[in-house]
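See structure below.
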Amino acid sequence: MVSSLRGLGLFALLLAGSAYARDGGVDVRDATAGEQSPIDGGLLGVDGGPDLVSGGPDLVDGGPDTEHAVAPPPVAQAASAPTQASDVVVTASRPLSRDRSQSSTVIVGERMRQSTRTTLFEVLSQEAADVYVPGRGVGLHGVASGATGGIKIRGLGGSPNSQILVVEDGVPDYQGIFGHPIPDAYVPSLVEDALIVKGGDSTLYGSNAMGGVVVIRSRWPDQDGYEVENDAGYGSYSTLRESVSFLGRANAWDVAGAFTDMTTQGHRAGAGGSGMVGSAALRYRWTPSLCLALRNKVVHVQGGDPGPVSTPTPDHWFDVWRDTVSAQLNYRRDKLRLSATPYLNLGVHRLYDGFYSHDYVGGAIGELDLRLHRAASVLVGLAVQGIDGRVEDRAAGERSDVSALGDVAFYGQATLRPLPTLNVVLGSRALASSEYGFVPLYKAGARWDAGRGFFVHGRVARNFRQPTIRERYLPYPVANPDLKPEYATNTDAGVGYLSAHLEIAATVYRNDARDLIKYFGAWPAAEVVNIDHIAIRGVEGRVRLRRLGPVSAMVSAAWQEVGRYTRQNPDAKIDFMVEGAHEFGPHFLAANLTGEWVHGLYMADYERQGIPDVFVMDLAARYRYRKGASGQRLHALEPYILLRNFLDRRYAYVSGYTMPGFNVFVGLKLGI
Amino acid sequence: MTNGRRTLPMVLAACFVLGLAACGGLEERERAYASIKNDFNNPEMPKRPQWTICKSSYLGVDFGRIDLDATSAELEVEAGLDYVLMVASWEDPTCSIENTLPIASRNEEEIVPGQRRTISINMPNHQGPCPPEGVAPIPQVLYDRILALWPEFGFLPYEQRTQNPECL
């Protein structure tokens, strides 16, 4: 019994892509046999192995039984509790995904922290070929005209980013006026893991989860003591990055904090800027079942739009401040989980042309997750949200009148297991808006684990995006207060095979979007209306080889037919990675090669203004020395070097915004 | 039996793929309804050139003459993207040939299936052949399309476009 529980626990850890999986290799053979696995719970815990990226729906599990597992003692735990028995109870992170039928990719935080990519969105793009994120340099994506970082998932999203929702620690994160996230606001310092939900999920997440959802979860300490990590680096174009994170646990208190500051002069005039992200979180655990967490995150981004190389605009600056504060009360008991999450997201944006705005997005989400029976569980939730702001043209001395948007939504999801290998997921959301009335949403999906590692999944979901304050009220270039939401019905189906060393998966998808909010014409005769229907069809697949000796490899490819909306919506994309890692005693060496090829890029719809294919490769190498001091605490020293675009290719994701040639970044990570 | 269990997921997936492909094969009706407004006299504009639109065409459909401040009839077009091609007459509602020039909309105007749209032609939304006075130069491909549509106006070839009488 203990053996099987141990096996179940290890399997759950693997599925969850948890912190322990991040820290070392979890071998399925060990899980099956119940033997001691090479789990390495080091504080820095850098392995670089393929388990750092978890792709596919196999890595999610909605069952609450995955939260607690019996496992052999990780090294660090053994160090901190040397008198414990050989079997200790560890608490794995709860899976990020709550819908086993969806198509998704999970990326653990350590993978993001090791990436050669400069922003978190670009890291996500590197890991999944059906996710596309353009860049414009080594530093910031920026905001307003000339900005990049618009994330597209299976053909939806992009510029602006309002068809893709980012949810950070349970809080929907977007700017109140323009309805999209700030791509420079996410740094991996404290990220535990991130989930890309492909095909969206407005049933669970509400507005903007139309083409996809990026769910980010931050780290908490998982044992008494503290952990400090400092990562400082310097590179080409006078790029300087300093990042420090702190995790600590004492008695019933947990604390987590991180500060990241990056400055760069950029690879061309006007491309420089700076980004600062600071976050702090405090959690108090009354009992193992009841806790309250408070979070605050501050973002300050300064930079400019360098403009096309032919007509540079180095004086087009922007200055953005954002602050998100939230609380989360969690109660968890066997078959029940209750949570309440109030939040407030504030921002102040200033642009060179006199634009000034401040905005807020505030609300609260309450959820009840109940396992009724071993074959049935339900999740119900209530969400309220308000959005408002103020906009001025300080150059002209004019102020735009805007009206607040507010909505309340009730949603539910049922997960049924009529067979041990079959999960059926049904969900719906009823949303009532102060501005556009009632919005019904739904989804239905299934996943069948056919045995011997084979699985099949499929899902259909009706998602939506509400019009933004900008689209309804601001004359940039025109507004329409009568706009209604956009809708998308997303369908996908996939098959796959997963084993200890091999993962193969493929998914076909079709996204039907209608009532799109589109601008026509130019000032003074421009208009913005709900119109049109598009169908995007595509297929994505991946092959991942795990731990073939010291080598791992991955290739992910996607092809899609996007119809007439070809602007920054590529036809095909391939991402690949080859990685080697070797550990000997306290020493660890790793190197990886990553690459991306993007085909069928256009700067305009109807396949106009084509851009040459993008092909870029990066190299990274790192060495880590780690040892325990005083038998209790681990210290680690980790120098690394990133060689970006080492083939020195000339390429651009956005016409006129050439990307940097070969450039280097070196850094040193210290951990206590 | 085991082989059957293995192959069943593949069969189901294949059926689903075929189903999706079949759905994707259904063509939607690509019709839309457009009208064109002569907006050169828009009071919001600092400059209001007094062009009468003598001839106009959009997405291959002839919209005819459009006087200042007037709007053409709404006509059915095939949804898509195109410039509005025109022959315009400067301060001459009679459209005498010597007062006319080939012009086009500045924007490549889009109309999507099912849409009813009025396209406004005004100072910022036009381009022409004369030396620039705040007006973008018309590309040769559009100029030549206009000449082919309305040869009766006898406009000069693109290389001599600035020698058209109305430019002088």
Side-chain angles (χ1 to χ4, degrees), chain A residues 421-422 446-460 477 489 491-497 505-512 514-516 518-527 529-539 560-561 563-566 604-609, chain B residues 1-30 32 34 36-40 42-46 71 79-82 84 105-126:
Chain A
T421 56
L422 180 63
R447 176 188 165 93
W448 180 29
D449 292 294
R452 296 177 182 268
F454 289 97
F455 60 88
V456 183
H457 65 93
R459 191 177 72 131
V460 59
T489 303
T491 310
D492 62 39
V495 297
Y497 169 77
T507 303
V508 293
Y509 58 90
R510 177 183 167 111
N511 297 331
D512 286 276
R514 62 180 65 251
D515 295 335
L516 297 173
K518 281 183 59 67
Y519 288 85
F520 293 91
W523 181 88
E527 60 177 339
V529 293
N530 288 101
I531 193 75
D532 207 6
H533 163 244
I534 58 167
I536 298 164
R537 295 179 288 269
V539 58
Q560 60 183 1
E561 169 57 54
R564 54 186 167 275
Y565 294 123
T566 55
D605 294 331
Y606 295 87
E607 298 185 351
R608 293 174 298 155
Q609 303 174 37
Chain B
M1 184 62 186
T2 305
N3 286 339
R5 285 181 59 187
R6 282 187 193 175
T7 54
L8 188 55
M10 307 302 172
V11 172
L12 289 174
C15 292
F16 201 94
V17 172
L18 292 173
L20 283 178
C23 291
L26 299 175
E27 290 298 325
E28 58 192 31
R29 185 171 156 79
E30 299 277 327
I36 299 169
K37 180 180 182 182
N38 184 335
D39 195 37
F40 280 112
N42 190 321
E44 291 186 60
M45 304 286 184
T71 301
L81 189 72
D82 197 5
V84 180
S105 62
R106 180 76 175 87
N107 303 319
E108 197 167 12
E109 300 287 356
E110 181 185 14
I111 191 164
V112 300
Q115 187 177 11
R116 294 181 183 277
R117 182 177 174 213
T118 299
I119 299 168
S120 295
I121 305 299
N122 47 35
M123 178 63 191
N125 191 20
H126 85 288

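Throughout, a chain's letter reflects where its sequence line sits, starting with A, and its residues are numbered from 1. Reckoned from all heavy atoms, side chains included, excluding hydrogens, waters and symmetry mates.
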Rounding to 0.5 Å, atoms CD1 (B:Ile119) and CZ (A:Phe520) come to a distance of 10.0 Å
One should read off an interatomic distance between A:Trp523 CH2 and B:Asn125 CG, to the nearest 0.5 angstrom, of 12.0 Å
Can you check whether [X] reaches [Y] side chain to side chain, under 4.5 Å on heavy atoms?
| X | Y | value |
| --- | --- | --- |
| A:Lys518 | B:Val112 | yes |
| B:Leu81 | A:Arg608 | yes |
| B:Met45 | A:Pro524 | yes |

query: In terms of heavy-atom contacts, does CZ of B:Arg117 have more than 12 from other residues, nucleotides or ligands at under 6.0 Å?
result: yes
Under a plain distance cut-off of 3.5 Å, with no hydrogens placed, do B:Glu110 and A:Tyr606 share a side-chain donor-acceptor pair? yes
If one checks every heavy atom of A:Glu527 against chain B at 4.5 Å, the contacting part turns out to be side chain
Tell me the closest heavy-atom pair linking [X] and [Y], and the distance in Å.
| X | Y | answer |
| --- | --- | --- |
| A:Ala522 | B:Asn107 | CB-ND2, 3.5 Å |
| B:Gln115 | A:Val529 | NE2-CG2, 4.3 Å |
| B:Pro113 | A:Arg564 | CD-NH2, 3.4 Å |

